[in-house]
**Student:** 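Pasting a structure here, questions to come.
Source: prediction; values computed, not measured. For the numbers below, each heavy atom of this structure counts, side chains included, while hydrogens, waters and symmetry mates do not.
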Amino acid sequence: MLKHLNALYLPDAGEVFIDGVDITKLRQKELYEVRSKFGVLFQGAALLDSFNVFDNVAFPLREKTSMTESDIKKKVDDRLEQVGLGKMGRKLPAELSGGMRNARDWRARW
């Protein structure tokens with residue numbers, strides 16, 4: 001289902017609506033705009049080992065938005081707190097337990 005919502009898979013029949021837009025009919029550029037509403041972290045701890053937890057979460061915000069560093073800090077701190085990793089921001093991925101690295105622990109709406 002998640003792969004259909006992100007248009008990694010397209011349905012054999014039917015439609016997929018995100019915010020009232022059928023994403024099965026979008027061009028690539030429009031699809032990228034819809035995908036920017038999602039944060040995805042692949043299961044299996046697909047974290048950048050040389051970045052700490054904070055910088056892993058901040059990475060897409062720095063790359064894909066024009067947010068100020070102070071706004072990014074607030075958003076990342078809030079999201080880490082939401083998923084129970086509030087005090088883990090400065091740790092490297094290797095210092096986290098398997099459960100902390102697991103994608104299900106990182107579910108947060110940006």
**Student:** Test of understanding: with salt bridge (Lys or Arg N to Asp or Glu O under 4.0 Å), list the residues that count as partners of Lys73, not counting sequence neighbours.
**Tutor:** Asp77

**Student:** Drop me the distance from Phe17's CZ to Asp22's CG, to the nearest 0.5 angstrom.
**Tutor:** 4.5 Å

**Student:** What closest approach, in Å, do Leu80 and Gly89 show between heavy atoms, and which atom pair accounts for it?
**Tutor:** CD1-CA, 4.0 Å

**Student:** To the nearest 0.5 Å, tell me how far Phe54 CZ sits from Leu85 CG.
**Tutor:** 13.5 Å

**Student:** So how far is it from Leu61 CG to Asp55 CG, rounded to the nearest 0.5 Å?
**Tutor:** 11.0 Å

**Student:** Excluding sequence neighbours, so at least two apart, what forms side chain to side chain contact (heavy atoms under 4.5 Å, CB included) with Ser50?
**Tutor:** none

**Student:** Quick one: list whatever passes side-chain hydrogen bond (donor to acceptor under 3.5 Å, both in side chains) with Thr65, sequence neighbours left out.
**Tutor:** none

**Student:** Going by the rule side chain to side chain contact (heavy atoms under 4.5 Å, CB included), which residues pair with Ile18 if we only count those two or more places apart in sequence or in a different chain?
**Tutor:** Leu5, Ile23, Val34, Phe38

**Student:** If you round to the nearest 0.5 Å, how far is CG of Leu48 from CG of Asn56?
**Tutor:** 5.0 Å

**Student:** Could you work out, with side-chain hydrogen bond (donor to acceptor under 3.5 Å, both in side chains) as the rule, every residue matching Glu69, not counting sequence neighbours?
**Tutor:** Arg62

**Student:** Sequence neighbours left out, what passes side-chain hydrogen bond (donor to acceptor under 3.5 Å, both in side chains) with Lys91? Give chain and number order.
**Tutor:** none

**Student:** Distance-only, no hydrogens or angles: does the Arg79 side chain make a donor-acceptor pair with backbone N or O of Val57 under 3.5 Å?
**Tutor:** no

**Student:** So, using salt bridge (Lys or Arg N to Asp or Glu O under 4.0 Å) as the criterion, who are the partners of Lys64 when residues are at least two apart?
**Tutor:** none

**Student:** Should Glu15 and Lys25 be marked as a side chain to side chain contact (heavy atoms under 4.5 Å, CB included) after you check the CA-CA gap, both sets of side-chain angles, and the distance that decides it?
**Tutor:** CA-CA 9 Å; Glu15 303 160 321; Lys25 295 178 174 46; 4.2 Å; yes

**Student:** Residues two or more places apart in sequence or in another chain: which of them pass salt bridge (Lys or Arg N to Asp or Glu O under 4.0 Å) with Lys29?
**Tutor:** none

**Student:** Considering all heavy atoms of both residues, which atom of Ala7 and which atom of Leu31 are nearest to each other, and what is their separation?
**Tutor:** CB-CD1, 3.6 Å

**Student:** Where do Glu81 and Val76 land on the side chain to side chain contact (heavy atoms under 4.5 Å, CB included) test, with the steps shown first?
**Tutor:** CA-CA 8 Å; Glu81 194 65 41; Val76 170; over 6 Å; no

**Student:** Is any side-chain heavy atom of Met88 closer than 4.5 Å to one of Leu96?
**Tutor:** yes

**Student:** Evaluate the criterion salt bridge (Lys or Arg N to Asp or Glu O under 4.0 Å) for residue pair Asp78 and Lys75; output intermediate values, then yes/no.
**Tutor:** CA-CA 5 Å; Asp78 289 347; Lys75 183 163 262 195; over 6 Å; no

**Student:** For residues 65-88, which residue pairs qualify under ring pair (Phe, Tyr, Trp, His ring centres under 6.0 Å), counting only residues two or more places apart or in two chains?
**Tutor:** none

**Student:** Got a sec, which residues hit side chain to side chain contact (heavy atoms under 4.5 Å, CB included) with Tyr9, two or more places apart in sequence or on another chain?
**Tutor:** Lys3, His4

**Student:** Sequence neighbours excluded, which residues qualify as side chain to side chain contact (heavy atoms under 4.5 Å, CB included) partners of Glu30?
**Tutor:** Leu26, Arg27

**Student:** Please list, chain by chain and in numerical order, all residues satisfying side-chain hydrogen bond (donor to acceptor under 3.5 Å, both in side chains) with Tyr32, sequence neighbours excluded.
**Tutor:** Gln28

